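Every number for a ligand or one of its atoms is a count from 1 in the order of the listing. These numbers come from a predicted model, not from an experiment.
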Amino acid sequence: MYSYFGDTTLRSWPNRKTKGLAMLRMNVIAAGVLVTAQLGLAQGAGSDWAAARQAAAVWRAEHRIIDLHQHIDCTPQHLARAVKIMDAVGVGLAINLSGGTVTRPKEGQPSEFERNKKSADTLYPGRFLFYMNLDYQNWDQPDFARQAVKQVEEGHRLGAAGFKEFKRLGLYLRDGAGNLLKVDDPKLDPMWKRLGELDMPVSIHVADPKAFWLPYNETNERWKELGDHKNWWFGDTNKFMPWKELLESLNRVIARHPETTFVCVHFANNAEELDWVDASLGRYKNMMADLAARIPEIGRHDPDQVRRLFLKYQDRILFGTDFQVVFDNLKLILGSSGNEPPPADADAEVFFAKEWRWLETRDTNWAHMTPIQGDWTISSIGLPAPVLRKVYFDNARKLLARSLPLPVVKARHTTCDFEPDGDLTKTIWQTATPVRLECQSGDGAVLPELSTSVRLLWSADFLYLGYECPCTELTVFLPPKAGAKRFALDQEGVSLWDRDVVEAFIGSDAQHIGRYAEFEVAPTNERLDLMLNLPDKDFQWDSGFRSATRADRKAGVWNCEMRIPLKALSSSPPRAGARWRLNLFRADRAHRAFLAWSPTLVATAHAPERFGVLEFVE
Ligand SMILES: [Zn+2]
């Protein structure tokens with residue numbers, strides 16, 4: 001089981017599959033509460049869901065959940081209410097599908113999309129991504145196809161993470177002659193193609209529950225909901241397209257644009273027909289599904305059948321809720337709503353708790369989260385942790401890699417300086433909240449089994465970093481070099497970074513992002529540092545940093561502590577509140593992994609525009 005280069009094995013660790021990695025003990029401090037959980041990476045089938053539920057509690061404490069389907073009006077009041085609830089339930093990032101159009105009201109004035117995005121980015125940076133919407137106003141003009149392409153190019157330029165189409169096509173939008181616009185109108189083809197080229201995923205809603213096409217009377221199972229929303233009834237075939245035709249026309253669009261990703265919302269727009277969803281996802285690799293507002297529907301099916309479907313398409317099902325804060329009265333909508341008294345914040349927390357309950361437990365026959373959608377019960381599907389995390393955030397991270405907010409880590413202040421010894425169980429480390437390196441730097445692919453936690457501390461004189469690295473085998477240079485830096489820029493495979501290392505890139509000069517220091521430490525505690533001023537690299541530079549490492553073979557983990565003199569990084573020492581630039585990396589040759597805290601999405605780690613933020617806090 002040697003995958004190394006020559007004589008470089010520090011230690012041949014037992015041949016354990018990654019799956020067999022030991023349990024990692026993690027302490028997470030969130031909102032002042034210490035949450036301790038065993039993150040089981042190896043799980044027997046019987047305890048799948050119990051372990052998953054524990055793991056998910058940690059993800060929520062760390063606010064790692066991504067809700068791919070929200071609609072939030074962008075006044076300060078609406079945003080504040082949304083963020084308060086997201087904080088309470090553990091949603092870190094929400095995708096606001098109601099970004100608006102990029103059409104300017106007048107030349108020189110910002111579009112609705114620009115205003116919305118700016119408002120959220122200013123008030124709650126890093127908490128929302130925005131999808132743009134299409135302006136159909138000029139549909140009848142002969143060059144509308146070209147105008148639509150221009151609109152998405154403008155959206156891309158303005159930072160739209162994706163494109164949302166509401167259920168307007170085939171149901172509400174009409175041309176100048178009064179005919180319904182078709183979902184697969186060829187006029188939209190150049191736009192769908194361009195969205196793929198720009199790596200902007202599409203979230204698209206067509207059709208609705210079948211009952212919305214059935215006769216409207218007391219026997220209709222959506223009687224109450226349709227009574228409160230008269231314009232959701234589409235049973236008049238003279239006015240609306242038939243239900244199945246809408247779904248099939250969308251599938252034709254998906255087939256015509258294999259390079260564009262279509263997230264078909266509301267469980268592929270057909271939560272009532274699992275076989276149809278299975279067949280469609282099977283046919284189109286560029287089709288995905290979100291869960292928004294359809295757990296009440298999906299939860300009616302045989303839970304084992306649903307679970308099998310989730311396991312089969314675990315890389316293409318994404319968490320989303322249709323949580324909304326809208327209208328002048330800041331109304332909350334929890335999947336759907338009617339004329340009943342509006343929900344309170346506490347109701348929203350119950351709504352999210354029921355989402356978790358359905359995905360994480362095996363409870364049967366319980367009252368679902370959106371009563372107006374129908375008077376029946378649902379049964380949970382209890383997903384295993386590795387699948388659950390894909391649905392909750394890994395799939396969304398990959399889908400949105402280009403647009404994800406740059407990460408922020410808080411370095412916690414300490415007055416007690418210490419000499420590194422590689423021991424991360426020291427109580428001082430417990431004050432710092434860890435960040436994780438678990439994505440490949442080049443493409444954002446997630447390797448949860450290597451999830452590396454890093455904590456940061458700072459004092460008047462030093463910055464400390466503590467890395468905890470799950471591993472199966474170590475690939476290093478032996479014997480380690482002391483007193484000289486191991487590198488050769490003109491040769492492959494002979495520099496310290498060509499084997500296992502942890503790295504930190506740190507820049508204190510906000511004006512010159514190409515100027516930053518680099519630190520590397522191998523499991524043998526061999527280290528090097530250099531100062532960059534891109535494209536120059538100064539290996540003569542000496543920061544005076546110190547480090548220590550420790551490998552625990554039984555636990556399958558190696559640790560590293562670094563202590564870096566702050567005066568080497570900046571002529572003026574940081575104060576609480578200061579924000580520097582940082583990226584963190586880890587190379588693990590046994591898994592062909594080069595993990596980044598903030599993936600650069602290019603072949604090199606030296607992409608300072610992708611660095612995250614190091615914030616110094618008390
Ligand atoms: Zn929606």
Less than 4.0 Å between a side-chain N and a carboxylate O, is that true for Arg389 and Glu438? yes
Given Trp358, which of Phe352, Phe310, Trp49 fulfils the ring-ring contact (aromatic ring centres under 6.0 Å, His included) condition? Phe310
If the plane angle is over 60° it's perpendicular, under 30° parallel, otherwise tilted; pick one for Trp232 and Phe212. parallel
Heteroatoms of the protein, restricted to N/O/S, which lie under 2.8 Å from the Zn ion (ligand 1): His69 NE2, His71 NE2, Asp322 OD1
Parallel, tilted or perpendicular: which describes the rings of His69 and His266, with under 30° parallel and over 60° perpendicular? tilted
Under 4.0 Å between a Lys/Arg side-chain N and an Asp/Glu carboxylate O for Glu297 and Arg294? no
Ring geometry between Trp139 and Tyr136 (parallel below 30°, tilted from 30 to 60°, perpendicular above 60°): tilted
